[in-house]
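Predicted, not measured: the structure shown is a model, and the values here were computed from it. Starting from 1, each residue takes its place in the sequence as its number.
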Amino acid sequence: MSAIDTLIAQISDPRLRERLTAEWDNAKKEKKFGLVFEDHLPELLPLYGAKPHKGDLVCRRQGALKDVWQIKSIHAGVATCVKPSNETHPSEPTRAAAEPVQFMVDELLVVREFGEPIFPALVPVDAVANGPADAPWHTLIEADNYHALQLLDYLYAGQVDCIYIDPPYNTGARDWKYNNDYVDGNDGWRHSKWLAFMEKRLKLAKRLLKPDNSVLVITIDEKEYIHLGMLLEEMFPDARMQMVTIVINAPGQTRKQQLARVEEYAYFLFFGAAEPPLVADDLLNDKPSHNPSTVRWESLLRSGTNSRRVDRPALFYPVFIKPASRELIAVGDSKPLGTPRSAWDIPNGSVAVWPLKSDGTEGNWRASPEYLRQLFRKGFVRLGEYRADEGRGTVWYLGKAAIQKIEAGEILVTGRDSQGAVIVVPNPELAFGRKTVAKTVWNRPSHHAGWHGTNLVGAMLPGKTFPFPKSLYSVADTLRLTVGSKPDGIVIDFFAGSGTTLNAVNLLNATDGGSRRCILVTNNEVSAEEAAALGARGLQPGDTEWEAQGICRSVTWPRSKYTILGQRDDGSVLTGEYLTGKTVERAKARSFTQIGFVDPAQLDTPTKKKQVVALIDGLPQTLVKDPCRFIVSEDHKATVLFDPAAAEDWLEALDGQEHITDFYIVTPTKRVFDQLKAQVVELLGSILVPEEEKRPMSAGFAANLAYFKLDFLEKERVSLRRAFREILPLLWLKAGAVGPRPELKRGEPEPVLFAPEGSNFVVLLDETRMGRLLKSLEVRTGLSQVFIVTDADESFKTMAQDVREVAGKANPGLAVVQLYRDYLLNFMINKNQDRAAGHTDTQGARA
């Protein structure tokens with residue numbers, strides 16, 4: 001109980017005590033505690049393309065947006081206007097009484113207050129298709145994000161997996177607008193305006209997220225991070241919220257009388273079962289080194305000592321292959337020493353591969369015929385290089401160490417190749433050792449906003465600047481932590497800016513094979529400097545030249561299109577490479593050095609050998625022992641052969657020493673050096689070096705993107721039967737934006753049944769043709785939505801049941817959705833539609 005409650009309880013007069021208690025209870029209901037800010041005036045939206053009509057709220061095109069009037073009448077191109085009443089239009093808190101005034105209609109601009117009914121339509125602007133025809137499409141919507149979010153609420157309420165936004169940081173540098181006016185550092189209400197601006201949009205965003213498993217991420221800097229945190233705690237009390245510090249400029253940004261700033265912040269809000277996944281890279285500490293335990297196929301041909309046929313006759317036998325396909329088909333038996341190779345019977349259609357050394361002499365295999373057959377049956381043997389003219393080839397097999405790792409799950413068998421040999425890869429869960437949870441401080445060079453944000457956008461859009469774009473990789477890492485385990489997830493960014501989020505979604509999809517869908521929303525505003533320059537030329541918003549300079553049309557759309565195609569409109573390809581975040585292994589040749597200036601015979605003392613070792617980096621002289629014909633150490637990457645006569649023993653010591661990368665051979669004879677080098681390469685193969693996988697930007701992405709502009713219909717055209725062409729994009733989006741967007745051709749009469757081939761939705765516009773709908777559904781598959789236009793609520797339930805009986809089995813999860821004949825009840829935004837909200841079927845929802 002608060003102190004005031006205690007004081008009220010001490011009042012002896014019961015009537016006064018009850019009266020004060022009631023008043024205090026009312027005050028507590030209305031009073032804000034915690035974060036307090038003004039709600040401010042309602043935001044206004046200018047409709048540059050709308051024609052003024054009687055009753056519309058308008059302002060003068062050359063005047064302030066907040067200076068609103070209401071049209072009383074229009075005659076001969078002249079509008080008679082009055083100030084609207086405070087009760088009907090509260091955009092201005094106080095208004096002095098004013099006489100009617102007259103303006104030319106051409107100088108008026110229609111505006112809508114937030115809260116005033118609006119009838120939206122999505123007008124197709126452009127599209128780029130570079131992915132499979134039946135793949136889901138990304139969406140870019142050019143619009144004020146408040147109204148776009150309201151429309152998205154009708155389409156995807158409770159379906160979104162992640163919302164990632166980078167709102168204006170409110171630095172005071174005129175980087176955002178409130179009611180069409182730039183907010184600068186001199187505005188004493190700028191923090192309050194920003195909070196009111198954000199609260200309206202976050203309320204809508206909350207409705208889009210999956211309540212049982214989703215994540216909201218908001219990036220911010222130090223100007224508003226405290227206020228934003230309090231707002232988020234107040235609005236999302238059930239979320240688990242954390243703030244991540246991201247180093248975006250390690251060198252630091254120096255500012256007068258302040259510490260150098262290196263970071264920005266990201267609030268992560270986890271809803272329901274959502275949680276950060278286990279990752280190999282915690283994004284704070286040094287990246288873990290790659291696990292050197294890679295999958296190694298060993299050469300079946302023995303090298304070193306005891307590698308001749310005479311040393312082990314039982315290990316001399318043929319391996320039979322099909323020469324065309326190089327497929328192993330059988331393993332022969334051994335025969336007594338001295339038996340010619342012609343004594344073996346070769347199966348029809350095959351040839352024999354013998355254990356022959358590079359000089360043509362007979363050697364032996366490392367495995368007995370019976371053991372090799374066991375490996376062959378399991379797919380643990382494969383043929384490498386085959387030299388038909390020499391009757392020899394390289395046969396590879398998996399050794400006992402590799403087989404043990406397969407049994408332990410450290411190596412995974414993912415399939416079989418054309419020879420029937422297993423395809424094996426290191427277990428990705430173990431590739432970097434133990435996985436952990438990402439930390440709340442991220443310190444990665446790839447997150448540098450200048451290098452991988454500003455420079456990246458500048459390279460993609462030569463001559464075009466965009467203020468403070470995000471690092472592509474900080475967004476990609478965020479998405480890995482939020483939708484990395486959701487390959488079909490939906491991601492929304494309603495402060496899309498330069499389009500980094502879509503770029504990151506496409507990169508993530510290309511890396512892990514996902515088909516996540518991204519929805520971008522951004523306005524088409526120009527910067528304050530550009531607005532001044534365009535205004536000086538007599539241009540104004542809505543003019544073609546003005547709109548071409550806007551963010552969406554000059555930055556967001558071209559960047560998104562270019563990155564998908566891998567090239568610009570002029571045909572020039574994007575240069576550079578993306579970092580995918582994946583580690584892959586590349587084959588790299590080992591290093592060989594001939595020490596030819598020393599005669600091996602002269603290295604007859606440890607001291608002389610130490611002098612040679614002193615020339616070799618990474619090899620200590622303490623390894624020289626007497627006698628010392630070569631050095632092979634499990635702790636060092638370099639080896640040296642002092643005496644070529646000891647080559648066989650040296651090669652045997654090298655067997656299995658994959659970590660050795662540098663080989664020094666003391667011999668003045670180039671032929672001897674080359675022979676020993678070839679034997680080492682045959683024995684150990686190449687080095688597998690881990691490196692971050694890269695993707696050429698010129699490769700583009702297998703993705704599709706549709707670009708729309710949010711427009712608003714006049715009230716006279718809001719009947720569904722008169723606006724079907726305009727709402728088709730909305731129905732396509734509600735059905736998942738799968739496959740090419742169907743259109744009703746201009747001039748084409750409205751059909752009673754709209755059921756285009758290849759589309760995943762069907763619309764019945766005339767409920768009396770229900771039989772025709774059911775007939776068409778008998779042969780349809782791949783449907784996700786059936787829309788039925790009807791005001792008969794009870795009849796709709798019956799029709800929906802009939803649809804499911806006919807098409808439900810062939811179309812699992814089919815939703816049947818009621819569309820009202822009156823467009824007002826389906827798509828009007830800014831007002832709650834109780835009637836429409838109250839009529840949903842069990843599997844579908846209102847549009």
Checklist entry - What residue among Asn506, Val505, Asp512 forms side-chain contact (heavy atoms from CB on, under 4.5 Å) with Leu508? => result Asp512
Checklist entry - Is the shortest side-chain N to carboxylate O distance from Glu545 to Arg537 below 4.0 Å? => result yes
Checklist entry - Charged N to carboxylate O below 4.0 Å: is that the case for Arg112 and Glu43? => result no
Checklist entry - Are any side-chain N or O atoms of Asn524 and backbone N or O atoms of Cys552, one a donor and one an acceptor, separated by less than 3.5 Å? => result yes
Checklist entry - Looking at CG of Leu208 and SG of Cys162, how far apart are the two atoms once the value is rounded to the nearest 0.5 Å? => result 12.0 Å
Checklist entry - Salt bridge between Arg741 and Glu743, side-chain N to carboxylate O under 4.0 Å? => result yes
Checklist entry - According to the interplanar angle, ranging from 0 to 90°, do the rings of His447 and Trp442 count as parallel (below 30°), tilted (30 to 60°) or perpendicular (above 60°)? => result tilted
Exercise answer: donor-acceptor pairs, residues 257-264 side-chain atoms, under 3.5 Å, sequence neighbours excluded:
unit_1: Arg261; atom_1: NE; unit_2: Glu222; atom_2: OE1; d: 3.2
unit_1: Arg261; atom_1: NE; unit_2: Glu263; atom_2: O; d: 3.0
unit_1: Arg261; atom_1: NH2; unit_2: Glu263; atom_2: O; d: 3.2
unit_1: Glu263; atom_1: OE2; unit_2: Tyr265; atom_2: OH; d: 2.4
unit_1: Glu264; atom_1: OE1; unit_2: Tyr169; atom_2: OH; d: 3.0
unit_1: Glu264; atom_1: OE1; unit_2: Lys470; atom_2: NZ; d: 3.0
unit_1: Glu264; atom_1: OE2; unit_2: Lys470; atom_2: NZ; d: 3.0

Checklist entry - Would Asp56 and Lys51 pass as an ion pair if we require N to O under 4.0 Å? => result no
Checklist entry - Testing Asp281, Asp477, Asp286 for salt bridge (charged side-chain N to carboxylate O under 4.0 Å, His left out) with Arg444, which one passes? => result Asp281
Check: residues 492-499 side-chain donor-acceptor pairs under 3.5 Å, at least two apart:
unit_1: Asp493; atom_1: OD1; unit_2: Phe495; atom_2: N; d: 2.9
unit_1: Asp493; atom_1: OD2; unit_2: Thr501; atom_2: OG1; d: 2.7
unit_1: Ser498; atom_1: OG; unit_2: Thr500; atom_2: OG1; d: 3.2
unit_1: Ser498; atom_1: OG; unit_2: Arg559; atom_2: NH1; d: 2.9

Item to check | From OG (Ser560) to CG (Asp126), nearest 0.5 Å | outcome: 11.5 Å
Next on the checklist: Rounded to the nearest 0.5 Å, what separates atom CD in Glu199 from atom CH2 in Trp194?
Outcome noted: 11.5 Å
Item to check | Presence of salt bridge, Arg553 and Glu142, under 4.0 angstrom | outcome: yes
Next on the checklist: I'd like to know if the side chain of Thr580 pairs up with that of Glu693 as donor and acceptor (distance under 3.5 Å, no hydrogens or angles considered).
Outcome noted: yes
Item to check | Pairing of Asp569 and Lys561 as salt bridge, 4.0 angstrom limit | outcome: yes
Next on the checklist: With rounding to the nearest 0.5 angstrom, report the CG to CG distance, Asp153 to Leu204.
Outcome noted: 6.5 Å
